[in-house]
Amino acid sequence: MASVSGNKVIIKTTAENNTGSLRPKKIITITYKGTTIQVNVTQNCDFNPYSLVTIGGVSWMRYNLGKSRWEGTSFATKLPSECTDDPIKTKSHGRFYQWDVGKKSWESTGSSVSGWNGTNPPTENTSWLEANDPCPEDYRLPTKDEFVALMSATTQTNDGGWNVSDYGYKIFTSGNNKLEFPAVGYRNYSSGELNYMGIGGYYWASTQYDGEDGYFMRFFISGTNPSYNNYKSFGLSVRCVRR
């Protein structure tokens, strides 16, 4: 969107840059009082999802994954603690994924969804396949053991309201290193309905428990289980780590 004020041309974008990188330049044509000019415009990003926090020898991304690399990689654009104008902390959510189905993601808001597949992924995949990993190049899902190590290497504290109108979040701290995980809830395995929003956090591991269930980190205000397991067709959050 371009406008003219005095002898200045002001160019604004209404689309947030949530890719973590410079967007390709676009040519904007402006005609004013019979004069036409063309301007090359690029859109910078005011946050860096590729900044890492290393705890227990694992380098973690600071933000939840949004769209998968097949959908045009995006991320949550704020940490929960930065969402001071939104108690739901929407910009910290990212999107939901079913286990070993990394090419399709689901919104973190809105009670129901259309096109949900409640069938468990193929049982022959004993771990989340690299070919189905939604994380960007050079990154991957954490394993169950890496979630266990994260909990062992940190102290966990809580912030937020831990309810549907003021989402809670868990803070993992090791010395000067800190990670924030919002309690985004999950999408139900059979229906895709949104549950436990603001009350619980659920983050997939790449490790299988058995043919029907995958491991994930689950937490509430009362505590954290880094190696919980349930149906692979649940829609849960994803936090990537460096390969």
Engineer: State, to 0.1 Å, how close W116 and S191 come at their nearest heavy-atom pair, and which atoms those are.
Structural biologist: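 Nearest pair, atom of W116 first, then S191: CD1-C, 3.7 Å.
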Engineer: Are L65 and C240 side-chain neighbours, meaning at least one heavy-atom pair lies under 4.5 Å?
Structural biologist: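 Answer yes - side chains close enough.
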Engineer: Taking V101's backbone N and O only, do any of them form a donor-acceptor pair with N132's side chain (distance below 3.5 Å, no angle check)?
Structural biologist: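 It does not hold such a pair.
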Engineer: For the side chain of W204 and the backbone of P142, is there at least one donor-acceptor N/O pair under 3.5 Å apart?
Structural biologist: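 Between the backbone of P142 and the side chain of W204 there is no qualifying donor-acceptor contact (under 3.5 Å).
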Engineer: Kindly indicate whether the side chain of K89, heavy atoms from C-beta on, has any atom under 4.5 Å from the side chain of D166.
Structural biologist: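 Yes. Closest side-chain heavy atoms under 4.5 Å.
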Engineer: Yes or no on side-chain contact (heavy atoms from CB on, under 4.5 Å) for V241 and L141, after CA distance, side-chain angles and deciding distance?
Structural biologist: CA-CA 6 Å; V241 298; L141 274 86; over 6 Å; no
Engineer: With heavy-atom distances below 4.5 Å as the criterion, would you say the side chains of S227 and M151 are in contact?
Structural biologist: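 Side chain of S227 against side chain of M151, heavy atoms only: no contact under 4.5 Å found.
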Engineer: Consider only side-chain N and O atoms of T84 and E82, and report whether a donor and an acceptor are under 3.5 Å apart.
Structural biologist: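 E82 and T84 do not have a side-chain donor-acceptor pair below 3.5 Å.
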Engineer: Does the ring center of W60 lie less than 6.0 Å from the ring center of F147?
Structural biologist: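 Yes, the ring of W60 comes within the 6.0 Å limit of the ring of F147, centre to centre.
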Engineer: Going only through I, L, V, M, F, W and Y residues with side-chain contacts under 4.5 Å, is there a path from Y196 to V184?
Structural biologist: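 No, Y196 does not connect to V184 through the hydrophobic network.
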Engineer: What are the two closest non-hydrogen atoms of D100 and S127, and how far apart are they?
Structural biologist: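 Reported closest heavy-atom pair: OD1-O, 4.3 Å.
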Engineer: Could you tell me whether E193 and R187 have a side-chain N and a carboxylate O separated by less than 4.0 Å?
Structural biologist: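 Judged by the 4.0 Å cut-off on N to carboxylate O distance, E193 and R187 do not form a salt bridge.
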Engineer: In the single-linkage hydrophobic clustering (I, L, V, M, F, W, Y; side-chain heavy atoms under 4.5 Å), do I171 and L150 co-cluster?
Structural biologist: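 Result: no, two separate clusters.
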Engineer: Pairing donors with acceptors under 3.5 angstrom, does anything connect the side chains of Y169 and D159?
Structural biologist: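 A pair is found: one side chain offers a donor N or O, the other an acceptor, under 3.5 Å apart.
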Engineer: Given 3.5 Å as the limit, does a donor-acceptor pair link the side chain of N163 with the main chain of G161, or not?
Structural biologist: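 Flag set: sc N163 to bb G161 pair under 3.5 Å.
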Engineer: When you measure from the centre of the six-membered ring of Y139, is the NZ or CZ of R242 closer than 6.0 Å and no more than 45° off the axis?
Structural biologist: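 Output yes; distance and angle both within limits.
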Engineer: Between the side chain of S105 and the main-chain N/O of K67, is any donor-acceptor distance below 3.5 Å?
Structural biologist: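 Between the backbone of K67 and the side chain of S105 there is no qualifying donor-acceptor contact (under 3.5 Å).
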Engineer: Contact between T224 and M217 at the side-chain level, heavy atoms closer than 4.5 Å - yes or no?
Structural biologist: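 Sidechains of M217 and T224: in contact.
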Engineer: Check whether any side-chain heavy atom of F234 lies under 4.5 Å from a side-chain heavy atom of F96, and answer yes or no.
Structural biologist: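 When only atoms from C-beta onward are counted, F96 and F234 do not touch, as no gap falls below 4.5 Å.
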Engineer: Can a donor-acceptor pair be found, under 3.5 Å and without considering hydrogens, that links the side chain of S174 to the backbone of N177?
Structural biologist: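 Flag not set: sc S174 to bb N177 has no pair under 3.5 Å.
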Engineer: If you measure from OG on S108 to NZ on K91, what distance do you get to the nearest 0.5 Å?
Structural biologist: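 Separation between the atoms: 13.0 Å.
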Engineer: Is there a side-chain contact between K178 and V53 in this structure, where contact means two heavy atoms from C-beta onward sitting under 4.5 Å apart?
Structural biologist: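 Not touching, per the 4.5 Å side-chain cut-off.
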Engineer: Given side chains that start at C-beta, do those of I199 and W162 come closer than 4.5 Å, heavy atoms only?
Structural biologist: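 Side chain of I199 against side chain of W162, heavy atoms only: no contact under 4.5 Å found.
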Engineer: Once you round to the nearest 0.5 Å, how far does OG of S233 lie from OH of Y189?
Structural biologist: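 Rounded to the nearest 0.5 Å, the OG-OH separation comes to 7.5 Å.
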Engineer: Return the minimal non-hydrogen interatomic distance between T73 and Y50, and the atom names on each side.
Structural biologist: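 Closest pair (atom of T73, atom of Y50, distance): CG2-OH, 4.2 Å.
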Engineer: Is the distance between the ring centroids of Y63 and F75 under 6.0 Å?
Structural biologist: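 F75 vs Y63: aromatic centres not under 6.0 Å.
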Engineer: Which heavy-atom pair separates Y97 from P134 by the least distance, and what is that distance?
Structural biologist: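 For Y97 versus P134, the nearest heavy atoms are CE2-CB, 3.5 Å.
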Engineer: Look at the side chain of H93 and the backbone N and O of A183, then say whether any donor-acceptor pair between them is shorter than 3.5 Å.
Structural biologist: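 Judged by distance alone, no pair lies under 3.5 Å.
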Engineer: Working note: T207 + D145, criterion side-chain contact (heavy atoms from CB on, under 4.5 Å); need CA distance, chi angles, decisive distance, verdict.
Structural biologist: CA-CA 9 Å; T207 311; D145 288 344; over 6 Å; no
Engineer: Taking NZ, NE, NH1 and NH2 as the nitrogens, is one of them in R69 or D133 under 4.0 Å from a carboxylate oxygen of the other?
Structural biologist: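 So R69 does not pair with D133 through a salt bridge.
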Engineer: Taking the side chain from D210 and the backbone from D213, do they hold a donor-acceptor pair closer than 3.5 Å?
Structural biologist: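 Side chain of D210 to backbone of D213: a pair is present.
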Engineer: If you measure from CH2 on W106 to CZ on R95, what distance do you get to the nearest 0.5 Å?
Structural biologist: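 Reported to 0.5 Å precision, the distance equals 9.0 Å.
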Engineer: Do V238 and V113 share a hydrophobic cluster, counting only Ile, Leu, Val, Met, Phe, Trp and Tyr and linking them when any side-chain heavy atoms are less than 4.5 Å apart?
Structural biologist: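 Different clusters: V238 never reaches V113 through Ile, Leu, Val, Met, Phe, Trp or Tyr contacts under 4.5 Å.
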Engineer: Can you give me the closest heavy-atom contact between T154 and F172, atom names plus distance?
Structural biologist: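 It is OG1-CD2, 3.4 Å.
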Engineer: Can you see whether K104 engages Q98 through a side-chain donor-acceptor pair at a distance of less than 3.5 angstrom?
Structural biologist: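 Q98 and K104 do not have a side-chain donor-acceptor pair below 3.5 Å.
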Engineer: Taking the six-membered ring where the residue is Trp, are the ring centres of F216 and Y228 under 6.0 Å apart?
Structural biologist: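 Centroid separation for F216 and Y228: below 6.0 Å.
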Engineer: Within the distance-only criterion (no hydrogens, no angle test), does the side chain of T54 pair as donor or acceptor with the backbone N or O of G57 below 3.5 angstrom?
Structural biologist: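 Not at all, since once roles are kept as given, no pair shorter than 3.5 Å links the two residues.
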Engineer: Determine whether L52 and M61 make a side-chain contact, defined as any pair of heavy atoms from C-beta on separated by less than 4.5 Å.
Structural biologist: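 Side-chain contact under 4.5 Å: yes.
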Engineer: For N64 and Y203, does a side-chain donor sit closer than 3.5 Å to a side-chain acceptor?
Structural biologist: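 There is such a pair (donor and acceptor under 3.5 Å, judged by atom type) between the side chains of N64 and Y203.
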Engineer: Is the NZ or CZ atom of R239 positioned over F181's six-membered ring, under 6.0 angstrom from the centre and within 45° of the axis?
Structural biologist: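 Yes, a cation-pi geometry holds between R239 and F181.
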Engineer: So how far is it from L236 CG to Y231 OH, rounded to the nearest 0.5 Å?
Structural biologist: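 One gets 14.0 Å once the value is rounded to the nearest 0.5 Å.
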Engineer: If you measure from CG on D138 to OG on S59, what distance do you get to the nearest 0.5 Å?
Structural biologist: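 It comes to 12.0 Å.
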Engineer: State plainly whether the residues K78 and E180 are in salt-bridge range, i.e. N to O under 4.0 Å.
Structural biologist: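 A salt bridge is absent here (no side-chain N lies under 4.0 Å from a carboxylate O).
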Engineer: Scan side-chain atoms only and decide if K170 and N158 contain a donor-acceptor pair under the 3.5 Å cut-off.
Structural biologist: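 A pair is found: one side chain offers a donor N or O, the other an acceptor, under 3.5 Å apart.
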Engineer: So, for Q208 and N125, which heavy atoms are closest and what is the spacing to 0.1 Å?
Structural biologist: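 Taking Q208 first and N125 second, the nearest heavy atoms are OE1-O, 2.9 Å.
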Engineer: To the nearest 0.5 Å, how far apart are CG in L194 and OG in S112?
Structural biologist: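 Going from CG on L194 over to OG on S112, the span is 9.5 Å.
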Engineer: Quick one: do the S190 and N188 side chains pair a donor with an acceptor below 3.5 Å?
Structural biologist: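 Side-chain D/A pair, S190 to N188: present.
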